Amino acid sequence: MAAHRRSAHRKPKQRPLTGSAARTAATLALAGAATAGSVTGAGAAPAEPAPTATQVRAKVDRLYHDAEVATEKYNGAKEAAATATRAVDALADEAARRTARLNTARHALGSLATAQYRSGTLDPAVQLALSSDPDAYLQRASYLDRAGDRQNGLLRGIRRQVSQITRVKARADQETERLAARRAELRDHRTAIRTKLADARKLLDTLTADERAAYESAADARHGGGPSHADRSAGRAPAVAPGSRAAQAIAFAHGAIGKPYVWGATGPDAFDCSGLTQAAWKAAGVSLPRTTYTQINAGTRIPRSRLAPGDLVFFYSGISHVGLYIGGGRMIHAPRPGAPVRIAPVDEMPFAGATRVA
């Protein structure tokens, strides 16, 4: 009996699959494994390969260029904002002056009306009929006519002042809107500059120390190397007339060699590219506009073959960089963040044009 119970609980013996049944089972097992693999790998994107040092250097160069483009746009928006601010201030002053004149005219009119009320002025015809002295009346009537003319003149002046103040306030509102737009542009360009420079720094941080040093060395070579005494003396070789404005501008630029590039800066301790050329020519008594794309139209356009010391030289299709030509195929310029004011060859960047200021 016990043996029978043990045999009843014994598992049935598994028979090996053969033929088509074995093939079917194998196919199902492979399909299940493939499905499991695809589920496991779903959502796991293949990792992108890290950029090479060459790719990093190219991206950094592009970011620096884009930051310089944004810097010139920032400079233009800043100049426009300053102009709009001056316009708003001038209109506010004008409105205040006109309001003061209006208040004066209103006071005079009020005083005249009070005097007439107190004098109990009657209709001229009635006064003539009641007067015992016609000559005295006619003299007084002449005074009243003049008073009436004065009152009418005051009224006309008040209406004119009110109309002018309304127009001034409308212009002030328009200039205030322009100022708000310029300030919004400033914020946008400032954000773009800071973002691009931060991205460039992050990319440079991915390089090894040797790769970073190689990049900086190559960038220095492209932008003319460091500010050495040899550079200073070599830059003075192509002579310009002593005391000329070009000579004064070049002398200022030489004095700025070694000072840092800072976007938006116009000196005296730091410069961006157009800030340097503007400051150099200001030292020579010439006022240049603030941006590269306005400085190129601040004088006479000349071909590259006619370059002379003191000319402004511009680069890139968007006119986003400028330097001060010093002769011998060289210029003084503020290259980029991390690269101070220095002497460099003119052919280091895509040439876009040149302008003779004076």
Side-chain angles (χ1 to χ4, degrees), residues 66-101 163-197 245 249 252-253 256 261-301 311-324 333-334 352-358:
D66 291 347
E68 188 167 45
V69 172
T71 295
E72 291 306 311
K73 291 180 180 179
Y74 169 86
N75 292 338
K78 186 177 181 180
E79 192 172 44
T83 300
T85 299
R86 289 192 295 270
V88 169
D89 291 344
L91 289 168
D93 290 343
E94 183 180 353
R97 289 193 302 270
R98 292 188 180 277
T99 299
R101 288 198 291 268
S163 177
Q164 290 171 343
I165 289 172
T166 299
R167 287 197 296 270
V168 169
K169 287 184 176 179
R171 287 165 52 201
D173 289 342
Q174 292 174 351
E175 289 297 335
T176 300
E177 290 178 1
R178 291 192 184 97
L179 177 57
R182 298 295 86 79
R183 286 174 173 169
E185 286 181 22
L186 275 176
R187 288 192 296 270
D188 291 344
H189 295 317
R190 185 187 296 115
T191 299
I193 294 165
R194 290 173 174 170
T195 299
K196 292 179 187 302
L197 293 180
R245 288 182 171 180
F252 180 93
Y261 176 105
V262 174
W263 61 269
T266 57
D269 300 321
F271 301 89
D272 62 20
C273 68
S274 57
L276 174 63
T277 50
Q278 184 188 50
W281 273 104
K282 182 180 180 180
V286 177
S287 178
L288 290 182
R290 179 63 182 91
T291 64
T292 52
Y293 47 84
T294 51
Q295 287 183 7
I296 196 171
N297 296 316
T300 304
R301 298 287 290 272
D311 291 342
L312 302 177
V313 282
F314 299 88
F315 304 92
Y316 300 104
S317 59
I319 318 297
S320 60
H321 191 77
V322 62
L324 183 69
H333 74 144
T355 293
R356 183 156 298 158
V357 177

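Since we're looking at a predicted model, the values are computed, not measured.
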Problem - Validation row: R290, K78 side chains within 4.5 angstrom (heavy atoms) - result: no
Practice task
Side-chain contact test, heavy atoms from C-beta onward, threshold under 4.5 Å: evaluate it for Q278 versus F271 and give yes or no.
Solution key: no
Exercise for the section: State the NE2-OG1 distance between H321 and T71, to the nearest 0.5 angstrom. Expected result: 11.5 Å
Exercise for the section: Measure the spacing between CD1 of I319 and CD1 of I296 and express it to the nearest 0.5 Å. Expected result: 4.0 Å
Practice task
Could you tell me whether the side chain of E68 reaches within less than 4.5 Å of the side chain of Y261, counting heavy atoms only?
Solution key: yes
Practice task
Using a 4.5 Å cut-off on heavy atoms from C-beta on, say whether the side chain of D311 contacts that of V357.
Solution key: no
Handout entry: Within-4.5 Å side-chain heavy-atom neighbours: Y316 and V69
Key = no
Practice task
Quick one: closest heavy-atom pair of A270 and V262, and the distance?
Solution key: CB-CG2, 3.6 Å
Exercise for the section: From the options D272, T294, T266, select the one residue that forms a side chain to side chain contact (heavy atoms under 4.5 Å, CB included) with N75. Expected result: D272
Problem - Results of salt bridge (Lys or Arg N to Asp or Glu O under 4.0 Å) for E94 - residues two or more places apart only - result: R98
When the side chains of residues 182-192 are checked against the rest of the protein, which donor-acceptor pairs come out under 3.5 Å, sequence neighbours left out?
from: R182; atom 1: NE; to: E185; atom 2: OE2; distance (Å): 3.3
from: R182; atom 1: NH2; to: E185; atom 2: OE2; distance (Å): 3.0
from: T191; atom 1: OG1; to: R187; atom 2: O; distance (Å): 2.9

Handout entry: Heavy-atom check, side chain of T99 versus side chain of I165, under 4.5 Å
Key = yes
Practice task
Enter the distance from T277:OG1 to L288:CG here, rounded to the nearest 0.5 Å.
Solution key: 6.5 Å
Handout entry: S274 (side chain) donor-acceptor with T291 (main chain) under 3.5 angstrom
Key = no
Problem - Side chain proximity check, F314 to Q295, heavy atoms < 4.5 angstrom - result: yes
Completion exercise
In this structure, CH2 of W281 is separated from CG of L312 (nearest 0.5 Å) by 7.5 Å
Completion exercise
Heavy atoms of A298 and P289 approach each other most closely as CB-CD, 3.8 Å
Practice task
Mind checking the CZ-CD spacing from R171 to Q174? Nearest 0.5 Å is all I need.
Solution key: 9.0 Å
Completion exercise
Taken in chain and number order and not counting sequence neighbours, the residues that satisfy ring pair (Phe, Tyr, Trp, His ring centres under 6.0 Å) with Y74 are W263
Handout entry: Any side-chain heavy-atom pair of T85 and L179 under 4.5 Å
Key = yes
Handout entry: Taking every non-hydrogen atom, the tightest pair across L324 and A253
Key = CD2-CB, 3.7 Å
